[in-house]
Number of protein chains: 2
Amino acid sequence: MNRAITAEKSHPANEVRISTRTNAQSGKHCPRSIDVSCASCRLSELCLPIALNENEVDRLDKIVRRNRPNKKGSHLYRQGDRFKSVYAVRSGSFKSYTLTSNGRHRVAGFFLPGEIIGMGGIASKTYVSSMIALEHSSICEIPFNQLERLSQQLPSLQQRLFAIMGNEIAKDQDIHTLLSDFTAEQRVASFLLGLSSRFSRTALSVTHFRLPMSRNDIGEFLGLTLETVSRITHALQRKGIICVNYRDIELTDIEALRDVVEPT
Amino acid sequence: MNRAITAEKSHPANEVRISTRTNAQSGKHCPRSIDVSCASCRLSELCLPIALNENEVDRLDKIVRRNRPNKKGSHLYRQGDRFKSVYAVRSGSFKSYTLTSNGRHRVAGFFLPGEIIGMGGIASKTYVSSMIALEHSSICEIPFNQLERLSQQLPSLQQRLFAIMGNEIAKDQDIHTLLSDFTAEQRVASFLLGLSSRFSRTALSVTHFRLPMSRNDIGEFLGLTLETVSRITHALQRKGIICVNYRDIELTDIEALRDVVEPT
DNA sequence: CGTAGTGTTGAATTGAATCAAGTGTCGTGG
DNA sequence: CCACGACACTTGATTCAATTCAACACTACG
């Protein structure tokens, strides 16, 4: 049915290499390139640099490490590792998961470009979950003690950090609502809407995207089984609200989808 | 069965008044008193002042407002109110709740002495949940822009704030696990253990305490109905693991309770 | 001392999990 | 480049844990 050509697909993996070419449209570098500075990164309006002036971004830039891209399935860090850095997703996507006491997986969250990873480890000095790349991805590493020191000198950076962390806390409250109040159908609908709005900041289309995660991942995140996720997506399709083809999702009626989450 | 005399009960409500008497045992003021300084507050090892030196605590102390005690059922703030301050619980307890789209309540969390309230509002500049006193309680108000300014000058305060917020993020992940993975029995057991360890920092007994919240509150927090909470607590009692008498809880076999959460 | 609110308990119902069998897709190695 | 095998996904039948509905008991507060 849907032959999706997503933004991801337009960057074949073998195109990822050191590059200094500028992005034709925006004058900003493709975030896949290793040597992109914060000032020239296409994601600078989403990420840490918001509200920093040119000089401040330069100073932030000096402590950011742009590592080699992460292969699909590779770990950024593991639960229990010593906390050293937070990370900003540059391209691709990650999932964080914990191993529960009974040995089962549980997905704690998904992370898309522009989002900050690893803040759960600040207090305990230990990462509280493992982080794994869902596809070929790249990140910026920011050593936290340096970030702390710098935000001591740059009030707007400190402010930005408090805001990012406060936002994380607020977001977790929404997940709490979802898990304690919502039916399976509401959860899946809410999940798709959330992904859509997060994709909208970087992807080509708000209504048509490719899921980077499996049904099982979605289930473990939403507190459902993979079978239920599959059943629900197809039920939503039968109602004409979305169009599913494996990981290819098209939201054909966003209003109806919102109505599933909050019946009016 | 259990005639509980809790720490709370030993401070009759009418004892709460302006006072400069020092606490006989510790030389520190009773946290109920309105004019207790941070330096002399019994909770200083739990709250913001940890890791601050004398001079730093004094400067923090200057921006803290010690408001009149909150009556049971009174609101500290409401969902949607403009964010101005974070609060430290001095005595008593609070619950935060949100009104979901369908008009139902949902309890986001409970807050005990020494814990910090309101950080979800930092990013949006608006409180994301309402906060209500579960009993006669008192708090310290800390205007956030002043706190930000001060932590710009005091590295250890900034560090402490990052740690508190990071801890909040890590804690939310545990709740996520609880809600997506645990059975009703595991949730209740985990909830009781969590309360116990939090009470242990300020209350007289780790194994015997009085719940400040109703079965309905617990249910809304754990994603269960009040009937289920009631059934489970009595099932745990029948197994000899706890002893319930309305809001009076005694953990008679903590090891067995841990075993309910993580079967070995 | 009465009553509204809070908690307990039972029976019936149901939404999602589990168990099970099959189909489709994609990455890999020949 | 194609074929194979592993994995991901779909779909159906059955089971079960928790909800819902309902009636009643206890407590605590004015």
Side-chain angles (χ1 to χ4, degrees), chain A residues 1-4 8-9 12-14 71-73 95 102 104-107 134-136 178-189 210-220 222-238 242-249 260, chain B residues 1-4 6 8-9 12-14 71-73 95 102 104-105 107 134-136 178-189 210-220 222-238 242-249 260:
Chain A
M1 275 167 219
N2 302 303
R3 294 286 127 227
E8 278 315 311
K9 283 281 170 193
N14 58 11
K71 270 197 279 226
K72 175 174 173 174
K95 83 169 180 204
N102 49 34
R104 294 175 55 181
H105 269 208
R106 216 222 71 232
V107 173
L134 289 169
E135 56 196 311
H136 197 90
L178 181 146
L179 291 171
S180 64
D181 251 30
F182 284 10
T183 64
E185 195 182 36
Q186 287 177 307
R187 292 181 201 196
V188 172
R210 191 172 175 77
L211 298 174
M213 72 291 282
S214 70
R215 299 283 188 269
N216 193 40
D217 288 337
I218 299 174
E220 283 182 15
L222 296 178
L224 302 170
T225 58
L226 65 100
E227 293 96 327
T228 300
V229 174
S230 181
R231 270 186 257 272
I232 299 280
T233 51
H234 284 260
L236 290 173
Q237 174 161 251
R238 244 172 282 120
I242 66 175
C243 203
V244 198
N245 196 297
Y246 292 91
R247 297 199 175 179
D248 220 70
I249 301 281
V260 169
Chain B
M1 277 165 219
N2 302 303
R3 292 289 124 226
T6 67
E8 279 313 312
K9 281 285 169 192
N14 58 10
K71 270 195 280 222
K72 175 175 174 175
K95 83 171 181 202
N102 49 36
R104 294 173 55 181
H105 270 208
V107 173
L134 288 169
E135 54 195 312
H136 197 91
L178 181 145
L179 291 172
S180 64
D181 251 30
F182 284 10
T183 63
E185 194 182 36
Q186 286 177 308
R187 292 181 201 194
V188 172
R210 192 174 175 76
L211 298 174
M213 72 292 281
S214 69
R215 298 285 188 270
N216 193 40
D217 287 339
I218 298 172
E220 283 183 13
L222 296 178
L224 302 169
T225 58
L226 65 100
E227 292 97 327
T228 301
V229 174
S230 180
R231 271 186 259 269
I232 300 279
T233 50
H234 284 260
L236 289 172
Q237 174 161 253
R238 244 171 283 121
I242 66 175
C243 202
V244 198
N245 197 296
Y246 294 91
R247 297 201 174 179
D248 219 70
I249 302 281
V260 168

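Chain naming here is simple, since letters A, B, ... match the order of the sequence lines and numbering starts at 1 in each.
- Distances were taken from every side-chain heavy atom of B/Arg247 (C-beta onward) to each of C/dT9, C/dT6, C/dG24; the shortest belongs to C/dT6.
- Nucleotide C/dA16 holds its C1' atom 14 Å from the CG atom of A/Leu179, rounded to whole Å.
- In terms of position along DNA chain C, the nucleotide closest to B/Ser230 lies nearer the 5' end than the nucleotide closest to the other residue of the pair B/Ser230 and A/Glu227.
- One can place CG of B/Leu226 at 12 Å from C1' of C/dG5, the figure rounded to the nearest angstrom.
- Distances were taken from every side-chain heavy atom of B/Tyr246 (C-beta onward) to each of D/dA18, C/dG7, C/dT8; the shortest belongs to C/dG7.
- Using a 4.0 Å heavy-atom cutoff across all strands shown, A/Gly223 reaches sugar-phosphate atoms only and no base atom.
- B/Leu224 comes within contact range of the sugar-phosphate backbone alone, with a heavy-atom separation under 4.0 Å but no base atom that close.
- The structure places CZ of B/Arg215 at 8.0 Å from CZ of B/Arg247, a figure rounded to the nearest 0.5 Å.
- Summarising the geometry, the separation between CG on A/Asp181 and P on D/dA18 is reported as 17 Å, rounded to the nearest angstrom.
- In this structure, CG on A/Leu224 lies 12.0 Å from OG on A/Ser230, to the nearest 0.5 angstrom.
- Looking at the side chain of A/Thr228, the nearest of the listed nucleotides D/dC21, C/dT8, C/dA17 is C/dA17.
- Distance NZ (A/Lys72) to P (D/dA8): 8 Å, rounded to an integer number of Å.
- Distances shown here put every side-chain N or O of A/Arg215 at or beyond 4.0 Å from the OP1 or OP2 atom of C/dT25.
- The distance between atom CG of A/Asp248 and atom P of C/dT25, rounded to the nearest whole Å, is 12 Å.
- Under 3.5 Å, the side chain of B/Arg231 and the base of C/dG10 form at least one donor-acceptor pair of N or O atoms.
- Of all non-hydrogen atoms in B/Leu179 and B/Arg187, the two that sit nearest each other are O-NH2, 3.1 Å.
- Looking at B/Asp217 and B/Lys95, a side-chain N of the basic residue comes within less than 4.0 Å of a carboxylate O on the acidic one, giving a salt bridge.
- Atom CG of B/Leu134 is separated from atom C1' of C/dT6 by 14 Å (rounded to the nearest Å).
- Atom P of nucleotide D/dA8 and atom CG of A/Asn245 are separated by 17 Å, given to the nearest angstrom.
- For the pair A/His234 and B/Ile232, nearest-nucleotide mapping onto DNA chain D gives the more 5' position to A/His234.
- Nucleic acid contact for A/Ser214: sugar-phosphate only, since backbone atoms but no base atoms lie under 4.0 Å from a heavy atom of the residue.
- For the pair B/Leu134 and B/Lys72, the tightest heavy-atom approach, listed with the atom from each and the gap, is O-CG, 3.6 Å.
- As a whole-Å value, the separation of B/Phe182 CZ from D/dA17 P is 17 Å.
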